[in-house]
2 protein chains.
Amino acid sequence: MSVPTGQCPLKKLGDRSYHCTFELTLQIIGGKWKPMILYHLGCDGVHRFSELRRALNGITQKMLTQQLRELEADGMVHREVYPQVPPKVEYSLTPMGRTIMPVLRQLCAWGSEYERLAAQQEQAHLQAS
Amino acid sequence: MSVPTGQCPLKKLGDRSYHCTFELTLQIIGGKWKPMILYHLGCDGVHRFSELRRALNGITQKMLTQQLRELEADGMVHREVYPQVPPKVEYSLTPMGRTIMPVLRQLCAWGSEYERLAAQQEQAHLQAS
DNA sequence: CAGCATCCTTCGGGATACTG
DNA sequence: CAGTATCCCGAAGGATGCTG
């Protein structure tokens with residue numbers, strides 16, 4: 001596994017460049033909204049645009065479109081357009097997209113554990129005062 | 001494990017609020033620099049401020065300070081100040097901070113796999129044209 | 001060396017209006 | 001419904017100078 005140091009040679013993949021695979025990962029699934037988008041698509045399956053928007057809680061239409069297009073370009077998300085009126089578009093994870101789910105679940109599990117420990121400490125702190 | 005939907009009730013932990021533990025995780029270790037900072041501290045151990053800055057490749061002093069303070073406040077990073085001239089400050093992961101490393105390694109491994117598959121496809125595309 | 005304070009710029013992203 | 005297309009603001013973050 002590549003170790004992420006600034007000293008690594010710059011790699012290229014398509015029009016993207018990065019120093020290590022960790023950085024590559026962050027470029028693909030990092031940012032403010034992408035992890036949540038992927039998580040929703042992974043947990044609940046296929047989603048329409050407006051469903052995703054409601055689920056994301058606070059994301060604007062512009063941002064959601066933008067992030068989905070980037071995920072699509074990176075082969076993580078599939079966009080299915082139904083040629084009908086009114087329009088219907090469904091988003092889902094590609095096979096590649098599905099491979100990130102175990103890691104996202106781990107992140108979520110880590111959060112649960114952190115929550116548990118932090119709550120304990122908060123409790124202890126209250127008792128001390 | 002909590003499912004991340006906007007419909008969940010808002011939870012509180014300290015002065016932080018979130019809808020699910022996945023969101024909590026992102027608040028703690030998400031953002032442009034934090035994953036890389038944690039990864040460096042986790043892989044290479046203790047780091048001085050200037051070492052980290054060099055390793056991070058492009059981060060400004062202001063950002064590095066800011067991110068380190070937030071990680072410290074969240075119990076992920078330990079800051080050891082040596083009272084001497086010139087000053088020396090060393091950063092390392094706390095026990096809590098170390099618990100995130102397996103997940104970060106998974107993210108890195110995922111990137112390697114993505115890189116491999118994407119490179120294959122790029123190759124196939126070149127041959128076709 | 002490891003910061004803090006300040007100023008200043010960029011651009012992420014919100015609001016709004018319009019379309020196939 | 002699922003988008004584009006603009007306009008525009010404000011916070012994120014860069015540059016610089018100073019200090020214990």
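Both backbone and side-chain heavy atoms feed into the values below; hydrogens, waters and symmetry mates do not. Naming convention: chains lettered A, B, ... in sequence-line order (proteins, then strands); numbering from 1 in each chain.
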Whichever of A:Pro87 and B:Leu68 has its nearest DNA chain C nucleotide further upstream toward 5':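 Per heavy-atom nearest nucleotide, the more 5' residue is B:Leu68.
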Scan B:Arg53 against the nucleic acid and name what it touches under 4.0 Å (heavy atoms): base, sugar-phosphate only, or nothing.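 The answer is nothing, as B:Arg53 stays clear of every strand by at least 4.0 Å.
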Please work out if A:Tyr91 contacts a base, only the sugar-phosphate, or nothing of the nucleic acid, heavy-atom cut-off 4.0 Å.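 Sugar-phosphate only.
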Transitive ILVMFWY side-chain link A:Tyr82 to A:Val89, under 4.5 Å: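 No, A:Tyr82 does not connect to A:Val89 through the hydrophobic network.
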Do B:Leu117 and A:Ile29 belong to the same hydrophobic cluster, where Ile, Leu, Val, Met, Phe, Trp and Tyr are linked whenever their side-chain heavy atoms lie under 4.5 Å apart, directly or via other members?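 Yes; tracing contacts between hydrophobic side chains, which count when under 4.5 Å, links both residues.
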[X] has an atom [atom1]; how far is it from atom [atom2] of [N], in whole Å?
X	N	atom1	atom2	value
B:Leu52	C:dC1	CG	P	15 Å
A:Ile59	D:dG3	CD1	C1'	14 Å
B:Leu56	C:dA2	CG	P	14 Å
B:Glu90	C:dC1	CD	C1'	13 Å
A:Lys88	C:dG20	NZ	C1'	18 Å
A:Gln84	D:dC1	CD	P	12 Å

After noting the C-alpha distance and the side-chain angles of A:Leu26 and B:Tyr39, does the key distance pass the side chain to side chain contact (heavy atoms under 4.5 Å, CB included) rule? CA-CA 12 Å; A:Leu26 293 178; B:Tyr39 203 124; over 6 Å; no
Sub-4.5 Å side-chain heavy-atom contact between B:Leu52 and B:Leu68: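 In contact.
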OP1 or OP2 of [N] under 4.0 Å from side-chain N/O of [X]:
X	N	value
A:Arg69	D:dT4	yes
B:Arg48	C:dA2	yes
A:Ser50	D:dA2	yes

For the residue pair A:Tyr91 and A:Phe49, categorise the inter-ring angle as parallel (less than 30°), tilted (30 to 60°) or perpendicular (more than 60°).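 Judged by the thresholds at 30° and 60°, the geometry between A:Tyr91 and A:Phe49 is tilted.
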Do any N or O atoms of the protein come closer than 3.5 Å to N or O atoms of nucleotides 5-13 of chain C, and which pairs are they?
from: C:dG13; atom 1: N7; to: A:Lys62; atom 2: NZ; distance (Å): 3.2

Looking at the side chain of B:Val89, which of D:dG20, C:dG3, D:dG3 is the nearest nucleotide?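 The answer is C:dG3, which lies nearest to the side chain.
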Give a yes or no on whether a salt bridge exists between B:Arg54 and B:Glu51, defined as a side-chain N under 4.0 angstrom from a carboxylate O.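 Salt bridge: no.
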How far apart are the closest heavy atoms of A:Arg98 and A:Leu93, and which atoms are they?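 Smallest heavy-atom distance, with atoms named: NH1-O, 3.3 Å.
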